[in-house]
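Data block below; observations after.
Ligands are counted one by one from 1 in listed order, and the atoms in each one are counted from 1 as well. Keep in mind that this is a model prediction, so the values were computed, not measured.
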Amino acid sequence: MSDEKKTSLESIGEFKLIDELTKDFKTHHSSTIYGVGDDAAVIQRDENTVSLVATDALLEGIHFNLMYTPLMHLGYKAVMVNLSDIYAMNGTAEQITVTIAASSRFPKEALEELYKGIKKACDIYEVDLIGGDTTSSVSGLMISVTAIGTAKKEDVVYRNTAKENELIVVTGDLGAAYMGLQILEREKSVYKANPNIQPDLDGYDYLLERQLKPEARKDVVKFLKELDVKPTSMIDVSDGLASELFHLCKQSNVGAQIYDEKLPIDTAVSTTAIDFEISPTTCVLNGGEDYELLFSIKQEDFDKIKGNPHMTVIGHFTAKDSGLYLIDKQGAAIELKAQGWNHFNEGKNA
Ligand code: ADP
Ligand code: MG
């Protein structure tokens, strides 16, 4: 590196950084169907089949805090985060590799706990652990998982194929993992101030489970096949609805309108958000770690998903020039900005 002006990572942001670091790479193999830029890379396997590959790392102090994250849950979550990216391509996850870096603070028993969670995820989601790497770290714990999946080539759903007028659908409900994190952080502060006070986690089961033990939506990929619906675009919700919608719009060259009153929010999220003086809508838009799927469907497929308890239509795609808007409960249009977590200055989510 020369003495020329340096750009801080905070100022450039994660997505622009990835773009700039990878823009000069050429593709050497025709088997590389799609590289950087979607939830998983797509590689030709045989004439009609592709492999899907996704990697995500979780770092202590950035993505998790061991004061309130049980190691078994952490292992489980690290797998979920990656399987979610395979499902977001409309694929089936088959294998994982796991890399860990641990400081001398961690005994063998701690890593065994972590692996209990990884095993549980492998058993429930039917994926095979096929390798990885183990190394030491100067401080803290890091766990990086690579998930490998498969799909029929014609079934793969990308982020860049949404069209104007298509319906925007989200699975499950949003904002709960973020509220779970707020509860855990609050109890951590109380404990730090007075270690004799027991944490008060009663009544927050759903929020805590969503934060500590998320489930990737393998079931939704199956439901969509059963309903004979192929989404026209798809992404998983890891960084908050606004950020994910922004990716779909940018990559598909469309705008979007979503409706506040349609956003799926569990009552535990709304009541707790109000206690914390946060708007429930803000939790949904900017929270993250929901690991639900956000996708679009053609209008003519609406009847196939209508009334489905797992899927909610929250809006539609518009022309690019129309921008990205939330219509609030009074009917006012509020422009959305991608405010998902920026790892370099906020730190928290994967
Ligand atoms: P997701 O949130 O779905 O896990 P990311 O935002 O982590 O996706 O990554 C977006 C895209 O950028 C993916 O295609 C990912 O493989 C790629 N990517 C992320 N970091 C790097 C990197 N350091 N080098 C090359 N590609 C990267
Ligand atoms: Mg993703």
Side-chain angles (χ1 to χ4, degrees), residues 7 9 12-28 32-43 50-59 62-64 77-93 96-99 125 142-149 151 156-162 170-172 174 177-178 214-218 220-221 231 233-252 286-296 338-350:
T7 310
L9 297 183
I12 184 170
E14 179 189 356
F15 302 118
K16 191 143 186 283
L17 175 67
I18 298 170
D19 279 353
E20 294 204 6
L21 293 177
T22 59
K23 69 180 189 314
D24 296 329
F25 284 74
K26 285 202 233 3
T27 302
H28 299 283
T32 306
I33 299 176
Y34 198 99
V36 176
D38 216 301
D39 293 292
V42 182
I43 303 164
V50 298
S51 294
L52 303 164
V53 184
T55 298
D56 259 310
L58 300 181
L59 272 78
I62 302 286
H63 302 98
F64 59 87
K77 181 169 177 174
V79 179
M80 286 310 121
V81 168
N82 283 277
L83 300 190
S84 180
D85 279 325
I86 301 293
Y87 303 139
M89 305 302 290
N90 204 26
T92 308
I96 55 164
T97 65
V98 175
T99 296
Y125 283 77
M142 187 224 47
I143 171 163
S144 174
V145 176
T146 296
I148 302 160
V156 177
V157 178
Y158 295 89
R159 294 177 179 178
N160 63 4
T161 41
V170 73
T171 62
L174 302 174
Y178 176 76
E215 303 289 349
R217 299 307 307 256
K218 178 183 182 180
V220 168
V221 174
S233 70
M234 184 148 63
I235 188 167
D236 70 326
V237 184
S238 50
D239 292 344
L241 178 64
S243 171
E244 312 306 353
L245 201 52
F246 182 81
H247 283 305
L248 291 182
C249 285
K250 184 162 180 259
Q251 297 194 26
S252 295
N286 303 327
E289 297 195 288
D290 300 298
Y291 299 106
E292 294 293 340
L293 295 172
L294 173 71
F295 57 90
S296 50
Q339 286 175 337
W341 295 102
N342 181 330
H343 311 285
F344 301 121
N345 50 30
E346 298 276 0
K348 281 280 178 283
N349 295 36

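Residues passing the side-chain hydrogen bond (donor to acceptor under 3.5 Å, both in side chains) test with Tyr125 are Glu215, sequence neighbours excluded. Every salt bridge (Lys or Arg N to Asp or Glu O under 4.0 Å) that Glu292 has, sequence neighbours left out, goes to Arg210, Arg217. Not counting sequence neighbours, Asp85 has no partner by the side-chain hydrogen bond (donor to acceptor under 3.5 Å, both in side chains) test.
Heavy-atom proximity to Phe15, at under 4.0 Å, picks out these atoms of ligand 1: 6 (O). Distances below 4.0 Å separate heavy atoms of Asp39 from the following atoms of ligand 1: 3 (O). In summary, the atoms of ligand 1 found under 4.0 Å from a heavy atom of Asp56, numbered by their order in the structure, are 4 (O). Close approach of ligand 1 to Ser238 (heavy-atom distance below 4.0 Å) involves ligand atoms 2 (O).
Remark: side-chain polar atoms of Glu289 are not paired, donor with acceptor, to backbone N or O of Tyr178 under 3.5 angstrom. Although no hydrogens or angles enter the test, the distance criterion places no donor-acceptor pair under 3.5 Å between the side chain of Asp39 and the main chain of Met89.
Where the criterion is an N or O separation shorter than 3.5 Å, residue side chain and backbone included, Gly37 meets it with respect to ligand 1. Not one N or O of Thr55 is nearer than 3.5 Å to an N or O of ligand 1, by distance alone. Considering backbone and side-chain atoms alike, Thr22 places every N or O at 3.5 Å or more from each N or O of ligand 1.
If you look at the Mg ion (ligand 2), the protein N, O or S atoms less than 2.8 Å from it are Asp39 OD1, Asp85 OD1, Asp236 OD1.
The closest approach between Leu21 and ligand 1 stays at or above 4.0 Å for every heavy atom of the residue.
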